[in-house]
Amino acid sequence: MSTHDSQSLSLYQEEIMEHYRDPLHHGALDHATIVQTERNSSCGDELTFYLQIENGVVTDVSFEGEGCAISQATASMLTEDLIGKSVDTIQAMTPDDITELIQIPLGPTRLKCALLSLQAVTHGTAEYTKKQKES
Amino acid sequence: MKSSLSSDFPMLDSGLTYLDSAASSLTPVPVISAMDQYYSTYRSNVHRGLYTTSETATHRFEQARETVARFIDASPAEIIWTSGATLSLNMAAYLAAQLLHAGDEILITRFEHHSNYLPWQRLAAERGLTLTLIDPDPETFLINAEMVAAAITSKTRLIAMTHVSNVTGAVLPIAEIAKLAQERNIMTIVDACQSVAHLPVSFRELGVDFFAFSGHKMYGPTGVGVLAIREGLHDQLEPWILGGGMVDVVSSTTSTWHDAPSKFEAGTPPIAEAIGLGAAVEWINQHGGITKFAAHESTLYAELIETLQSFPEISLVGFSGDTRNHCGAVSFIFAGVHGHDVAAILAEHNVAARAGHHCCQPLMQFFHVASTTRVSLGAYSTSADIAQLAKALANVRQLQK
């Protein structure tokens with residue numbers, strides 16, 4: 001029987017655990033410009049992102065929802081990354097940007113957990129841009 | 001200590017602790033060899049080939065049907081090969097629907113896997129049938145025959161139910177329920193995916209009309225399953241899928257069918273897989289049969305429950321309090337840790353388990369949880385696997401907030 005204690009918690013490195021235990025910008029944001037909820041159908045997790053936009057740039061951000069350590073920590077790390085970014089930049093973000101941000105190797109199943117935040121902000125900003133163009 | 005069976009499972013060579021047999025069991029070497037032999041020495045289509053390899057293929061394929069029929073105590077004509085239990089259950093819904101009328105009621109249980117839920121849900125919507133759910137007892141989390149009897153109305157024409165819950169391992173008293181149903185002329189459909197490899201079953205003695213299971217959850221290959229249909233129903237049912245191999249005479253406007261099983265098996269069947277499943281049954285028989293597996297797994301199940309209950313952080317989901325009511329699978333919640341994180345920590349300790357809704361969202365709603373972590377046993381499972389699980393679970397504590 002082989003054991004893998006040396007690799008124990010490899011996904012759950014210190015930074016991930018800090019963000020998971022004490023997430024940044026957690027909770028609803030009053031008067032947010034963009035509110036976007038996404039759901040992971042395989043586990044039922046739900047994540048809502050709130051973005052405050054001024055002159056096409058994110059000035060404030062928050063998130064709330066239930067989820068695993070990876071989805072919660074990624075959301076927390078992403079909030080910091082988003083402030084000061086333009087709506088266009090966020091809309092163009094890719095899964096690679098997320099893996100670069102969190103710096104841990106994720107298999108395809110856990111990648112979905114991490115990408116829930118990306119979905120929320122890309123879908124939210126795309127919807128926002130569409131509405132801006134229509135009005 | 002390793003299981004005496006483990007040498008038959010190359011997947012276990014790496015020291016993997018495999019506790020996900022409810023999703024798919026591992027495959028023993030004789031099954032792989034039987035399929036290899038088909039592909040490398042007598043690879044041909046079955047039936048009607050007038051050359052040796054086709055005759056061999058037909059013989060081995062039909063032999064597998066006889067082996068599987070004996071295994072569940074059915075007649076070979078009652079064994080319909082499918083691609084797996086999902087197709088079996090969809091086919092059962094289509095076939096049974098021929099005997100239903102608008103206004104009839106279908107009873108199903110809250111335990112059902114989506115594959116024994118969605119076909120009935122859609123059928124009810126399309127055909128104006130009533131679909132009624134039987135909930136487990138709120139204290140024991142079991143469904144007994146009295147509860148089913150109480151749910152039956154004058155409109156009830158069909159009961160579809162699982163034999164064993166893939167989430168909680170709860171065993172349903174199928175024979176008792178089937179007796180109630182027979183007395184009232186109600187059809188019965190059983191999802192036997194979680195029972196055939198874990199409990200001795202007799203299709204004849206259970207007395208049900210349709211009985212569905214997958215090969216890959218009983219040490220056989222993926223891509224093959226069975227729908228057993230009670231012989232008495234064969235002439236009342238029109239086939240669902242039409243094509244080659246099932247036809248007696250085709251004229252320009254009408255056609256007639258062969259008798260069962262061919263009638264229900266249009267197209268080239270999963271030949272290698274059926275032969276593989278026959279080999280899986282032979283392997284089971286050579287190792288003492290399901291009675292022996294059941295005894296081994298029941299001892300381990302008690303050990304597993306005891307281990308899980310030794311963690312104050314763990315709450316079992318849907319456990320009745322008596323292991324004799326369960327087999328195979330157990331679900332739990334680790335306080336303050338998401339199921340995906342529990343399964344990921346287990347994976348980091350080389351323990352294969354599963355987290356999620358297990359294709360049973362209505363049951364998750366009953367338990368008021370989004371997901372659970374599930375561990376499940378097979379004949380090759382050992383006390384060492386449970387010890388490794390305990391060790392891995394101790395590490396999950398680090399994720400509590």
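So you know, we letter chains A, B, ... as the sequences are listed, proteins then strands, and number each from 1.
Only the side chain of D45(A) has a heavy atom closer than 4.5 Å to any heavy atom of chain B.
Inspection of the T162(B) and H113(B) side chains reveals no N or O donor paired with an N or O acceptor under 3.5 Å. Using modelled atom types and a 3.5 Å distance limit, the side chains of Y12(A) and D341(B) yield a donor-acceptor pair. Between the side chains of D385(B) and Q388(B), not a single donor N or O lies within less than 3.5 Å of an accepting N or O. Q36(A) and E38(A) are linked by a side-chain donor-acceptor pair at a separation below 3.5 angstrom, with hydrogens and angles left out of the test.
Ranking C359(B), S371(B), A344(B) against chain A, the residue ahead of the rest is A344(B), based on heavy-atom pairs under 4.5 Å.
When ring centroids are compared, F141(B) and F367(B) come within the 6.0 Å threshold. Annotation: W283(B) is not in aromatic contact with Y380(B) [ring centroid separation under 6.0 Å not met]. Aromatic ring centres of H357(B) and H114(B): separated by under 6.0 Å. Aromatic pair H26(A)/F63(A): centroids less than 6.0 angstrom apart.
At a threshold of 4.5 Å between non-hydrogen side-chain atoms, the residues K217(B) and Q194(B) count as touching.
Along residues 300-308 of chain B, no residue comes nearer than 4.5 angstrom to chain A, judged on non-hydrogen atoms. Proximity to chain B among residues 75-82 of chain A is not found for any residue, judged by heavy-atom separations below 4.5 angstrom.
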- Query: Could you go step by step and tell me if H198(B) and E297(B) meet the side chain to side chain donor-acceptor pair (under 3.5 Å) rule?
  - Reply: CA-CA 8 Å; H198(B) 306 280; E297(B) 288 172 35; 2.5 Å; yes

